[in-house]
Each structure stands twice: as C-alpha cells, then as structure tokens.
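Working notes for the structure below.
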Protein chains: 4
Amino acid sequence: MTNAQSNPRRSQKENKIIDSAEEVFASVGFAKAKMEDVAGKAGVSKGTVYFYFDTKENLYMAVTYRALQVLNDYLYRTINDNREKPGIESVLSIVETYINFCEKHRLYSEVMLDYMSLNRSTRDGRDKSKLTTALIESLYYRRVQDIQNLPINLIIDEIKRGRKDGSIKNSKRPELLYLIAWACTIGFVKLNVAGGQRQTLLNVEINHWKEYQMEILRRILLDEN
Amino acid sequence: MTNAQSNPRRSQKENKIIDSAEEVFASVGFAKAKMEDVAGKAGVSKGTVYFYFDTKENLYMAVTYRALQVLNDYLYRTINDNREKPGIESVLSIVETYINFCEKHRLYSEVMLDYMSLNRSTRDGRDKSKLTTALIESLYYRRVQDIQNLPINLIIDEIKRGRKDGSIKNSKRPELLYLIAWACTIGFVKLNVAGGQRQTLLNVEINHWKEYQMEILRRILLDEN
Amino acid sequence: MTNAQSNPRRSQKENKIIDSAEEVFASVGFAKAKMEDVAGKAGVSKGTVYFYFDTKENLYMAVTYRALQVLNDYLYRTINDNREKPGIESVLSIVETYINFCEKHRLYSEVMLDYMSLNRSTRDGRDKSKLTTALIESLYYRRVQDIQNLPINLIIDEIKRGRKDGSIKNSKRPELLYLIAWACTIGFVKLNVAGGQRQTLLNVEINHWKEYQMEILRRILLDEN
Amino acid sequence: MTNAQSNPRRSQKENKIIDSAEEVFASVGFAKAKMEDVAGKAGVSKGTVYFYFDTKENLYMAVTYRALQVLNDYLYRTINDNREKPGIESVLSIVETYINFCEKHRLYSEVMLDYMSLNRSTRDGRDKSKLTTALIESLYYRRVQDIQNLPINLIIDEIKRGRKDGSIKNSKRPELLYLIAWACTIGFVKLNVAGGQRQTLLNVEINHWKEYQMEILRRILLDEN
DNA sequence: CATGAATGAGGCTTCATTCAT
DNA sequence: GATGAATGAAGCCTCATTCAT
C-alpha cells in the first residue's frame, strides 16, 4: 500500500530499479548478481535500492511479481482477443502466448519456476535452508502469493468454456488438461529458451517442433487420435 | 592416474566425497553449498576435497558426470529388459524410467538441466558471465561432454527400432519424437519433482496425471498421420 | 573521483591506510603481510581497505607510488636549495639526499627496487609468473609508470647543468654518469640500509665510508679525462 | 656431517633437489615457490624433499649455501689464475668474476643478498617477525654462517697483497676498499642483472658502463685521479 | 529521500607439513 | 628410504547490508 501505486515519482524509480534488476539477474543469475550492479544500471545508489527493496531476495520477488503481472496481461489480452472464438482456440492461443512470453522474457519464466519450487518446498516444510528466510518474509513474496493463481485460474476457466461450447471434447478434468498442456509447454520452453536461441536442436527446426507440439495439444483437446 | 578408476582406495574416497557433495548440493543448492560441509559430511578435511576436486565447480560437474552415468545405467537396463519387446514398449519404458530417475534423484535432474543451459550458452557464446569460467575449464566438464550424448542416442536408437519393427507408426523424424517426449517429461518432472513430493497438484492425482501423460505419448507414437 | 585528491575525507583515509600498509610491509614484507593487519593498524575494517585498494598488489603499488612521490619531493627541494650553486654541488647533494631518503625510508628504497625488477621483467616478457598479473593490472601500477622517470630526469638534468656551467668536467654522457652514481649509491644503501642500522660493517665506520664514497663521486665528476 | 658428503647416492639426490629448487625459486621467487613443484622438477616426491630438507626455508638456505660455495670456487680460481700477477690485477679480476657470477647465477646473487639482510636483522634483534624462526634454526643456516666470511676474507687478503706488492697505492683500510668495490658492484648488478638482460639502460651500452666502472675502480685502487 | 563509505561475516582456495603404507 | 594422500591453519577477497551525512 505504501508502495508502487502511491507516489508516481516513487513508483517510477522503483520500476527503474526492477528493470535494472531484471537485466542483471538475466545476465548472471541471482547468485552472482550484485546489488551494486543493479544500482549502477538503474542509475541510483546502492542505498536507494535498499530503500525500495529491503533485501536482494525481495528484489528478486519484485521481479517475480512483475513477471506474473506481465504474464497476466498477456493472458487477458489473448483471452479477450479470442472472446468470440470457441474455447479451444482460446486455449491454444494461450499456450502460444505463454511460449512467446517465455521466449521474450526468458528471465520471467525462470523466475516463475523458481517461485514454484520455493513455494512448494515452503509448504512442504522441507529444507528451509535452501530458501532464505528473508525471502519468505519479504514483502513481495506475499504480493506474489496473492496473484500466483490468477494465470492458472484464467486458463482453467477458458478450458471450461471450451468444454461448455463443445469445442473441447476431451472429458478429463480441466485441471488435468491444464497440467498436461503446461508440462509440455514448460518442457518445450526449458529445452529451448532456457539455454539459447538456436534455430535447431538435434537438427530439428524449432518452429517445426513447436507446430507439431501445438497440433498434439489440439488433438488432445479434441480427444482425437 | 588422476582418474577415479586407477586406485581403488582413491576411487572410493572420491566417491564418498561426491556422495557428500550430492547431499549438500541437494539440500542447499550450489550457491549456498559450502565446501567445508561437503568435507565434513564426507568425513574428510577441506584439503582432501580439494585434493580430488580442484574447484567447487569441478565438484559440481563431477556430480553431473555421475548423474549421466546413473541415467545411462537406468537406460541400458531398461533397454535390455525390453530387448525382446517391440520398440514402442521400450521407448515408453524409457520415459517411465526417466521419470523414476528424476523422482528418485531429484538433484540429478536439476544438475543435468543446469548442464544443458551451461552447454547451450557456451556454444552460443552468450553471457559467459553467467557460468563461471572455472566451470568450463574443469576436468569433469570435459568428461561430461564426452558422454552427454549417450542417453540421447540410446533413446533415438530405440525409437528407430520401433519404427523398423512397425510398433511405432508415427513417421516424423525420430529426433522430433524424442524432443516431444523429452519436453513432456521434463515439464512433468519440473512441475512435480522440482518442488516437492506432494501427491496432488491442483487436486489432480499425480499418478493419474502420469498415466494420462504416458497414454498420450503412446498415442503420439502410434499416430499414423 | 576514484582519485586520492577529489574528496578530502576520502583522501585522508586512503592515506591512513597507506601509512598502515607501509608499517606492515616494512615489518614483515609483502608476502607475509596480512591485509587484516593493515586494516587493523589503520583503524578500519578489512572491507574498507578493499574499498580503496582492490588488491594487495595494488596497495603495494600505492606504497610504491608514494615512495616515488616522496623521493621527488626530496629531489625538488634539494635541487631548489642548490639552484644558485654549481651543478656538481647539486648532483652530489642529490646523491646524499637519496642516501638519506633510503636510510629514512627503508621500505621505500626496497619498494622502488622491486618496482624496477618488476618493470624490467615485464618489458622483457620474461617470467611473468614471478610477478603477479594482478600487480601489472593494478591501478597504481599505471600511476607509478607515469612518474617513474621523473627522478631520473631530474637528476640527469642537473648533471647536464653541471656540464654546462663547467663544474662537472667529466665528458661522459650524463646518462652514464647517472648510472655510475646510482649504482654506487644503491650498492651502498643495499649493504647498509637493507639489513640494519649498525654503525659499522667490517669495523668500518659507516660515516667514514659514506664520506669516502662521496669523495670518489666528486672525483669522478671532476674527472677531465 | 650426516649429510651431503656421507652417502654418494644420497648426496646425488640432495643435489638434484637443490637444482630443482634453484629453478623454481629463480622463476617465481621464494614466496610463490611450491614445494610440490620443486619435488616435481626433481623427479621425486614431496616426502623426499622433506626427508632431505626439513622446511622450505632450509631448502632456501641450502641454495644459499651452494651459492656461497660456487662463489668461492669462482674466487679461488680467479685468485689462483692471478697468483703471479700484481694484487691489483687480482682484485680487479675478482670484481669482474663477481659480476660474471651474478650475471650467470642471478638467483645466487639475490639469495646472498637475502641472506645478508636476514643475518643482519637477526643480529640486530630487530623484527624477528620478518624472518621465520624456522629459518634461523635450519641446518643450512648454520652451514652458511660457517662459510659466509670466506669470500670477504679472500678478497680482503688479495687487497692486502696488492698493498704489499705496491700495485695498490690507495692507503685506506682494505676493508673500506672492499666495501667501496662491493657496493659499486652490487649496485651495478642490481640495476642490470636483477631485472633483465637488456643490452642497454637509458641507452647506455651495458658493456661500456661496465668498462667504465672497472676503470674507476682501478683508479681508486691506484688512488689516482 | 539519496548517497556511498564502511562493515565484517563468510567462503573459496592454497600449500607447507605430516605420516601411514 | 620413498611415496603421495591427508591435513588444517591461514589469507585473500566478496558483497549484502547499514548508517552517518
């Protein structure tokens, strides 16, 4: 409440710092990222960074928060664009959108996966050591928690719509369909995006692969084969 | 002489240290792992760890090397067990084996994914900063490079066998099929294993999910389009 | 901005650290000097030392830089004091000044000799191993390079002046005379200063020795051959 | 007594190690020299090095001891060669010999100077910290002490002979003459040898410089001008 | 609010030395 | 006598974080 929205100048600087943080995290990873570099790239002092973000972890969560926001924007737009079309088209568009999102914002996809691991192991009460306590207590961690389910719900709702309008024949639970689609997509992204921007892997055209993957998803939703 | 195989006693201690390293890396991650803890858990002194593994990075690559070896063992065994069966069964078994491998050796799956990113970005000549130079120069990095393609080749060969014996109808290139299967599997594992060991995600039974995923894969392989 | 001159407070602390470094280097030598001790003696933390001087080597070069500066001060003053006198007197005063300088600042003389070796072997491209790369890359190494020739030039100019005003009869090249004088002086200093502050060596009064050495130098300069 | 002379095989290995130590010390200096490298270059194990030389310091003193021995050999030979000639010629030859010795065995000249500093500061009871206690207690340190004065005495004796046979006119104490000559020589060597093997310094031909230095020494001994 | 100097715990790594085989 | 694996003290350096100005 005291944050992002209240003061425009403040919000502006905050965003600049997050921009910078994204650059740094993306190029060297969290562990090797230096707060000094973040400050430098943002054109502010280290103290300023700490004024807005109490810890490095919190800054990381701020990036995660933004990732989720950006993803949501992507999703809302896609869903809106497909409002008139049958649900299956919307869902497939969402998948493509997600892939595009990951390709364009490589860091965001990593960050979100990190968050998931983090979140999961927190709930399990397992090895807290892995995740700094600071992280869990950070302001942005809570903010992220508040919106973490938005994308999932959006997508599942679209699947449900497809079921209703009959474009999706597959009768499995929407959640299961969601997981299947998500897993394929994450795997695809992980193999491609995470590492590089090569046009081929094992001499397979990335685009060819992507198209086939989409085709498979469509069939799954249509429950054909 | 510097190798793990030459001297049994030496090899034994080397392995003990890698065991220990796995524990530590698994519980706190590479960045937060302390060489001292590795030494402690292995029951040796810090110096000894450095006697066998020159750097922390090299130790990490040693774990990666072992991960690949273990995976290979799994694969060989699976392939052998399915020698008499049609190729499609072998391939599907391999996928299951891979999932089991990841579930059982969570660290190994992470480590291998890390290696892939590393390897990819190295080739692309991108952000070397992200990956320590020490890593690329490490002895084990080269060792890993030598065997990195073994699993891929094994699997692709099985797909080819399935094509030959007619059990796999899908006429796409084996490499493409491999990538599709691999992506699904990695995504599945990433969503499940990476985070925790819960029995459900979004109230979906993991086993149910897995079975459906396997079914889809089978259909893909059987696809005659 | 990183310079010693910009911020007075900053410059002050920087100097305090160099003071401290001199003490430590002087008493235990570079190799055994601990950065922590330097910090302690300067009344600051280890981190602060590294804030001002990135490496131990750079700190050493900072001392060298100061040594050259101090020597220059000595020389300027001596030359100025002898402005009205014939060149030969100036040159001989310079030699005495140099000896005094070395006696008073034993460390400085060692440090300067070290620098010479370093510099020489760098140019020759020989055994880089001996001299840390860090040393050559240090900020202060470059600074030192910028002023290393000042003393030499000052002295040679005075020799030339002596030649012009006829007080120095010796017709050899000023550079040669400089080297001769320098060698004698360095040797004298090395035998005396480097080791201790005893009043005799081989039962020879140091002062007696020094006077004779000066007398010889005078004769050389007066030499008309 | 238990050493070098008793067992030929032993003595041989000992010498090989010292050979190796010389190489290593010469190329990287004492501080950076690693016992492992010494062992490696000598073709023996680290344990063996320690069998013969209890500490790194002792090994260094062994090199020093050898340096003195070699210098003595040079001196004896020179003196013998000049037995029939007037003392002044012998003394000047000795100086040349010493210069040659230093040029040929750069390490030896450094080592001997180091020893002097060490020895001096030990006697003065000053900063013991600088020199490891281990050094002073080392076997070879004592050995060196036993023969440290040999060269000095040899030279002074030759100066005395020159005085007696009338070839040296200078009536100063032989010790003083020795110191004067030694200082010049050490300075010359320090400026030349210590750093590199360039043919010129300040565009002065080294040979030219050396000849002039010798000429000056001759004049000093002749007390001419 | 912003700055950037200062801190100091913490980690990796080195290497002289020891000692069981 | 050799070997070389093992030790562990010691030191350099990093960097998140704090705080006086």
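What you are looking at is a predicted structure, and each value in this text was computed from that prediction instead of being measured. Every chain is numbered from 1 and lettered A, B, ... according to where its sequence line falls, protein lines coming before strand lines. All heavy atoms count here, side chains included; hydrogens, waters and symmetry mates do not.
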With sequence neighbours left out, write down each residue that passes side chain to side chain contact (heavy atoms under 4.5 Å, CB included) with B:A21, or none if nothing qualifies.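 Only B:F25, B:V38, B:L59, B:V63 meet the side chain to side chain contact (heavy atoms under 4.5 Å, CB included) criterion with B:A21.
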Under the side chain to side chain contact (heavy atoms under 4.5 Å, CB included) test, which residues partner C:F51, sequence neighbours left out?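 Checked C:F51 against side chain to side chain contact (heavy atoms under 4.5 Å, CB included); matches are C:R10.
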Taking atom C1' in both F:dT21 and E:dC1, what distance in whole Å separates the two? 13 Å
Any donor-acceptor N/O pair, B:K56 side chain to B:A33 backbone, under 3.5 Å: yes
Set of residues satisfying side-chain hydrogen bond (donor to acceptor under 3.5 Å, both in side chains) with respect to [X], sequence neighbours excluded:
X	value
C:T55	none
A:Y108	A:E22
A:D114	A:Y60
C:D37	none

Short side-chain N/O contact to F:dA5 OP1/OP2 from B:T48, under 4.0 Å: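 No.
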Rounded distance (Å) that lies between atom [atom2] of [N] and atom [atom1] of [X]:
X	N	atom1	atom2	value
B:F53	F:dA6	CZ	P	11 Å
A:E14	E:dC1	CD	P	11 Å
B:Y52	E:dT13	OH	C1'	18 Å

Indicate for each nucleotide in nucleotides 12-19 of chain F, in 5' to 3' sequence, whether protein heavy atoms under 4.0 Å reach the base (B), only the sugar-phosphate (S), or nothing (-). SBBSSBB-
DNA chain F in dot-bracket form (Watson-Crick or G-U pairs under 3.5 Å, [ ] crossing, | inter-strand) is .||||||||||||||||||||
Mind jotting down which residue pairs meet the salt bridge (Lys or Arg N to Asp or Glu O under 4.0 Å) criterion with at least one end in residues 38-55 of chain C? Sequence neighbours excluded, please.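 The answer is C:E23-C:K41.
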Consider the side chain of D:S45, meaning its heavy atoms from C-beta on, and name the nucleotide among F:dA5, E:dG8, F:dA2 that approaches it most closely.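 Minimum distance to the D:S45 side chain belongs to F:dA2.
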Ignoring the backbone of A:F51, work out which of F:dA6, E:dA6, E:dC1 is nearest its side chain.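 My answer, after comparing the listed nucleotides, is E:dC1.
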